[in-house]
A.B. asks: 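This is the structure I have questions about; it appears just below.
Below, chain A is the first sequence line, B the second, and so on; all start at residue 1.
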Amino acid sequence: MTSSPRNISSLHRADAALLWTLRGLAAVAGIVVVLIVVFLVLESLPALRSIGLLRFLRDQSWYPLSDQFNMMPMVAGSLAVTLGAIVLATPLGIGSALFCRYYAPRPIADFYRGIVQVLAGIPSVVFGFWGLVVWVPLVTQSLLAGILILALMILPTIALLAETSLAAVPVLYERGAAALGLTRWAMIRRVMLPAARSGIVTSIILAIGRAIGETMAVVMVCGNVVQLPDSLFAPIRTLTANIALEMSYAGEAHRSALFVSGLLLMFIVVLLVAVAQWISKESDHA
Amino acid sequence: MLEATRNERHRLRESIITMIIWLIAIIIITIFGWLLTDLLVHGLGPLTWSYITTEPADAGRAGGIGPILVSTLLILATCMAVTVPIGLGTAIFLAEYTNERSPFGRAVRRSLDVLAAVPSIVFGLFGSAFFCFHLGMGFSILSGGLTLACMALPIFIRAVEQGFRAVPDEYRMGAAALGLSRWATLTKVLLPTTMPTLMAAFVLSVGRAVAETAALIFTSGYVDRMPQSLMDSGRALSVHIFDLSMNVPGGDDNAYASALLLVGLLLLINLIATWIAKATQRQWTATA
Amino acid sequence: MTTTPLNILPSAPPREVVCAPGRDEACASFTATNLSLAYGSKSAFRDVSLRINPCHLTGIIGPSGCGKTSFLSCLNRMTDLLPCRVTGSLNFGETNLLDGSLDTVALRRQVGMIFQKPNPFAMSIHRNIAMPLREHGMKSSSEIDESVEQALRDVGLWDEVKDRLNTSALALSGGQQQRLCIARALALKPAALLLDEPCSALDPIASGVVEDLMLSLRRRYTLIVITHNLAQARRIADDVALFWVREGTGVLVESGPVDQLFEQPRDEITASYIRGIRG
């Protein structure tokens, strides 16, 4: 067979062109997050300059039309609803994972896992709508309604990831525990859960991220009153809901202040991602 | 005697814990069933063919969701038209051309990890500032689609990259030993092998995009008329559900129907993705 | 052209091997002189000087970790894909293999490689062979079909698969897959084939079939086969090269015609390895 009709330099040129095209596309993908931060900062600067950071913490309350920009009630609202949802969803999520892995017969476990996966895919607006129509009449538009619906939304995140972490624990651990005569719960509590700890903690952190970032469901069921929550039945407004509700009619300074809250959300979420990655890395080294 | 009581205590504890675990599962299943039944009972009625095809009237209380479905489709199409080429290129680059030590690869990966965690409302803020205002696209399907593309990109890339990493190195070595160029290896060996995973990734990303609301409210807008072009504002199905339930008294019935349709579409998308995944398994384990 | 018969007497002269008719002009030998390969600071093998005779089957034997696979990778420049540095000199016929501007595409068409674990692509049997042919410039479908048939006949697969050429290659048995990989390489009409433990992932029967195939290819191609199986080396090789580990790196201990190495090894390591005492 005679030499290849394509000469070597054209082959190299084609492969080189491929490499540079791919590099370019990857650069575009990588730059998106940078663009987001840049634009958030650009839009926030006017408010940061004219209103100043301290006033976001110390003003009377959040009444933009009266030049009041204290974000704390909303931050408190976000934290409260997130904390409540996590407290509720974590045992339910881990319990679901344990159910699928150790307690249910195979067909039931598969069925249940399917349900959790569908639950994971239901849009937040559908959860919010259902919460509005079904739960709010029971508990009024309040912190509690938000907690219940949000817990339902982040539960699949914890359940699915926790199950994956448990499945990754070497079978040897399970067999070793059984050989030592441990009961099922003792084995789970003393051997399996500690071994899967880093994965489970990561799943909780991701769930926190999702809860803090949730907008539609909390807008629909929490009542959206700007106040520090003093009881479970108090209507509250989260940082995310605040942005969603006020963006459409916000004036210049107001809009900029909303971008500041967006920047805050961004910062919190980046922090959570960093913590989750740090935990994974720690567990890799262990 | 001591042995007996301790075993009894253990057995009691086991039973209680088992009951609690089963209770948790039953609670979840019940709530899920409640949600689904509620949607079906209230939503199936209004969900007729004419509902799907006609224009909304009376702020959505009457009429249908025809234009809204068209807008949703256009937004999704714009989103995927941008996500697929950029996502595919990035995933191939990350899987085939970088290793743990490459600084550029690490930077892109870290950036994508953060992007995956950004809340949807922040995407909405960014989209409105960058696409609508800075680039002058205004409230439009294009703005909405591009904003959604930013959200779908990390999901798509992650799934596609996994697909490429799953191809055993033996294929690449074999291709190199046969004197195939990188381009030929990519197009004739790797892409055909990963095609099922790519399709599953596509379907997965579409599923995530169609559920989005907060990112679209300030980018593609609220207009519920039939869009004439990509530059027109258009209302997505999820936004319609939001509007009907929050701003339109008496809009609940149609909101139920739209929600049922949306969930139904998502279930269909999930089933397609699962079916594709099973087909992949069959291809890989097709050894005698 | 005659070949002297296999001589099992200890002091027999080396077997005279001549290429099968029509093969002379494509036959080429490999000559390595003081060839060394290192991954970063870790040396895989050092100062290997070896001549691979044309149209011979050269068996490379030795324990694990003595650089056999690394050495084989030099012969078709697969070392380009690994983070390593190759020094010394290596020629394929007249061509300097260590030249940076060497057309590796053409090289790899002329020097095919078969891996330990059969690696057919996830496509039809026909496409596995046809696709590389197309990539190397063959355009006519009839020519491609002919080449596919010829390659499959060469490895003895044609009768087994002629009715299912469009079915997935992954559905073949291990031995069939390995023969398909050999057919795929043969279709490109190479001058040499490099085989890295081609039988070690196969069951004994499939292994025997591949061995017979290698024997039948012997006079038409230069074959270099890494094997752990001393009996296999004895059965199929014309020449043998023994690699060993010394001072943490691979070295070539001894090389020569198979009879001489097995009957009258010059080096004491060879003697004890052959007798199974070490390694």
A.B. asks: Report, in residue-number order, which members of residues 33-44 of chain A are under 4.5 Å from chain B by heavy-atom distance.
C.D. replies: V33(A), L35(A), I36(A), F39(A), L40(A), E43(A)

A.B. asks: What's the verdict on side chain to side chain contact (heavy atoms under 4.5 Å, CB included) for R13(B) and T183(A), showing C-alpha distance, side-chain angles and the deciding distance?
C.D. replies: CA-CA 10 Å; R13(B) 190 182 60 182; T183(A) 61; 4.0 Å; yes

A.B. asks: Which answer fits L39(B), side chain, backbone, both or neither, if we ask what part of it has an atom under 4.5 Å from a heavy atom of chain A?
C.D. replies: side chain

A.B. asks: For a quick test of reading the model, state the closest non-hydrogen atom pair linking D15(A) to S181(B) and the distance between them.
C.D. replies: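 So the two residues come closest at OD2-CB, 3.7 Å.
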
A.B. asks: For the interface with chain A, which of A116(B), A107(B), S258(B), S245(B) has the highest count of heavy-atom pairs at distances below 4.5 Å?
C.D. replies: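 Of the candidates given, the most pairs with chain A belong to S245(B).
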
A.B. asks: In Å and rounded to the nearest 0.5 Å, what is the CG to CZ distance from L23(B) to F99(A)?
C.D. replies: 11.0 Å

A.B. asks: Is T215(A) in contact with chain B via its backbone, its side chain, both, or neither, using a 4.5 Å heavy-atom distance?
C.D. replies: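 When you check distances to chain B, only side chain atoms of T215(A) fall under 4.5 Å.
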
A.B. asks: So what's closer than 4.5 Å to chain A heavy atoms on R109(B): side chain, backbone, both or neither?
C.D. replies: neither

A.B. asks: Pick one of side chain, backbone, both or neither for F242(B), based on which atoms fall under 4.5 Å of a heavy atom in chain A.
C.D. replies: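 It is both, since atoms from each part get that close.
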
A.B. asks: Could you grab the distance from atom CD1 of I24(B) to atom OH of Y103(A), nearest 0.5 Å is fine?
C.D. replies: 10.0 Å

A.B. asks: Could you check whether any side-chain heavy atom of V134(A) comes within less than 4.5 Å of a side-chain heavy atom of W34(B), counting everything from C-beta outward?
C.D. replies: yes

A.B. asks: So which of V114(B), I29(B), L125(B) has the biggest tally of heavy-atom pairs under 4.5 Å with chain A?
C.D. replies: L125(B)

A.B. asks: Where does F127(A) contact chain B at under 4.5 Å (heavy atoms): side chain, backbone, both or neither?
C.D. replies: side chain

A.B. asks: With only heavy atoms counted, which part of I121(B) is less than 4.5 Å from chain A, the side chain, the backbone, both or neither?
C.D. replies: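 Both parts, backbone and side chain.
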
A.B. asks: Against chain A, work out which of V108(B), T18(B), I217(B), L266(B) has the most heavy-atom pairs shorter than 4.5 Å and name it.
C.D. replies: T18(B)

A.B. asks: How close do A117(B) and V273(A) get, heavy atom to heavy atom, and via which atoms?
C.D. replies: CB-CG2, 3.3 Å

A.B. asks: Search all heavy atoms of V125(A) against all heavy atoms of S238(B) and return the closest pair with its distance.
C.D. replies: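 Between these two residues, the closest heavy atoms are CG2-O, 3.6 Å.
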
A.B. asks: Please output the residues of residues 149-157 of chain B in contact with chain A, using a heavy-atom cutoff of under 4.5 Å, in numerical order.
C.D. replies: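 Against chain A, the residues of residues 149-157 of chain B that fall inside the cut-off (heavy atoms, under 4.5 Å) are C150(B), L153(B), I157(B).
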
A.B. asks: Can you check whether R184(A) reaches I17(B) side chain to side chain, under 4.5 Å on heavy atoms?
C.D. replies: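 SC-SC contact between R184(A) and I17(B) ruled out.
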
A.B. asks: For chain A, which candidate among E14(B), H134(B), R208(B) shows the most heavy-atom pairs at distances under 4.5 Å?
C.D. replies: E14(B)

A.B. asks: Going from CD1 on I31(B) to CG on L148(A), what distance comes out if it is rounded to the nearest 0.5 angstrom?
C.D. replies: 8.5 Å

A.B. asks: Most heavy-atom pairs under 4.5 angstrom with chain A, which of W22(B), F104(B), W183(B), F133(B)?
C.D. replies: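 Top count of heavy-atom pairs under 4.5 Å with chain A: W22(B).
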
A.B. asks: For chain B, which residues of residues 155-164 of chain A have at least one non-hydrogen atom nearer than 4.5 Å to it?
C.D. replies: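 The stretch touches chain B at L155(A).
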
A.B. asks: Could you give me the CA-CA distance, side-chain angles and deciding distance for D252(B) and F129(A), then say whether side chain to side chain contact (heavy atoms under 4.5 Å, CB included) is met?
C.D. replies: CA-CA 9 Å; D252(B) 280 358; F129(A) 170 60; 3.9 Å; yes

A.B. asks: Chain A heavy atoms under 4.5 Å from L186(B): which part of the residue, side chain, backbone, both or neither?
C.D. replies: side chain

A.B. asks: Between W130(A) and chain B, with a heavy-atom cut-off of 4.5 Å, which part of the residue counts as in contact: side chain, backbone, both or neither?
C.D. replies: side chain

A.B. asks: Is chain B contacted by the side chain of L206(A), its backbone, both, or neither, given a heavy-atom distance below 4.5 Å?
C.D. replies: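 Neither part; nothing is under 4.5 Å.
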
A.B. asks: Pick one of side chain, backbone, both or neither for R110(B), based on which atoms fall under 4.5 Å of a heavy atom in chain A.
C.D. replies: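 Contact with chain A: side chain only.
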
A.B. asks: Nearest heavy-atom pair of G213(A) and P119(B): which atoms, and what distance?
C.D. replies: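 The pair with the smallest heavy-atom distance is CA-CB, 3.5 Å.
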
A.B. asks: Can you see whether Q117(A) engages N270(B) through a side-chain donor-acceptor pair at a distance of less than 3.5 angstrom?
C.D. replies: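 There is no such pair between these side chains.
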
A.B. asks: Can you tell me which portion of Q277(A) sits under 4.5 Å from chain B's heavy atoms? Options are side chain, backbone, both or neither.
C.D. replies: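 Only the side chain of Q277(A) comes within 4.5 Å of chain B.
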
A.B. asks: Please classify the contact between L115(B) and chain A as side chain, backbone, both or neither, with a heavy-atom cut-off of under 4.5 Å.
C.D. replies: both

A.B. asks: So which part of R255(A) gets closer than 4.5 Å to some heavy atom of chain B, the side chain, the backbone, both or neither?
C.D. replies: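 Just its side chain gets close to chain B.
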
A.B. asks: Are the side chains of S111(B) and V32(A) in contact, using a 4.5 Å heavy-atom criterion?
C.D. replies: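 No; the side chains remain at least 4.5 Å from each other.
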
A.B. asks: Could you tell me which portion of H42(B) (side chain, backbone, both or neither) has an atom closer than 4.5 angstrom to a non-hydrogen atom of chain A?
C.D. replies: neither

A.B. asks: Starting at CG of L19(A), measure out to CD1 of I92(B) and round the result to the nearest 0.5 Å.
C.D. replies: 12.0 Å

A.B. asks: Mind checking what makes ring pair (Phe, Tyr, Trp, His ring centres under 6.0 Å) contact with F139(B), not counting sequence neighbours?
C.D. replies: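 With neighbours one apart ignored, the set is empty.
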
A.B. asks: Below 4.5 Å from any heavy atom of chain A, which atoms of V263(B) appear? Answer side chain, backbone, both or neither.
C.D. replies: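 The side chain, not the backbone.
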
A.B. asks: Below 4.5 Å, heavy atoms only, C-beta onward: do I122(A) and L35(B) meet side chain to side chain?
C.D. replies: yes

A.B. asks: Please classify the contact between I115(A) and chain B as side chain, backbone, both or neither, with a heavy-atom cut-off of under 4.5 Å.
C.D. replies: both

A.B. asks: At a heavy-atom distance under 4.5 Å, which candidate from M220(A), E214(A), R210(A) has the highest pair count against chain B?
C.D. replies: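 Most pairs with chain B among the choices: M220(A).
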
A.B. asks: Could you go through the side chain to side chain contact (heavy atoms under 4.5 Å, CB included) check for Y112(A) and I28(B) one step at a time?
C.D. replies: CA-CA 9 Å; Y112(A) 185 74; I28(B) 304 296; 3.2 Å; yes

A.B. asks: Where is the tightest heavy-atom contact between F218(B) and I243(A), given as atom of each residue plus distance?
C.D. replies: CZ-O, 3.9 Å

A.B. asks: At a 4.5 Å cut-off on heavy atoms, which part of L262(B) comes close to chain A: side chain, backbone, both, or neither?
C.D. replies: side chain

A.B. asks: What part of F123(B) lies closer than 4.5 angstrom to a heavy atom of chain A: side chain, backbone, both or neither?
C.D. replies: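 For F123(B), the side chain is the part near chain A, not the backbone.
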
A.B. asks: For each of T274(B), D113(B), V239(B), tally heavy-atom pairs with chain A at distances under 4.5 Å, and name the one with the top tally.
C.D. replies: D113(B)

A.B. asks: What do the steps show when you test V122(B) against V269(A) for side chain to side chain contact (heavy atoms under 4.5 Å, CB included), and what is the final call?
C.D. replies: CA-CA 11 Å; V122(B) 173; V269(A) 148; over 6 Å; no

A.B. asks: Quick one: what part of A186(A) sits under 4.5 Å from any heavy atom of chain B, side chain, backbone, both or neither?
C.D. replies: both

A.B. asks: Shorter than 4.5 Å, heavy atoms on both sides: which option in L258(A), I31(A), I94(A), V219(A) has the most such pairs with chain B?
C.D. replies: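 When all of L258(A), I31(A), I94(A), V219(A) are compared, V219(A) has the most.
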
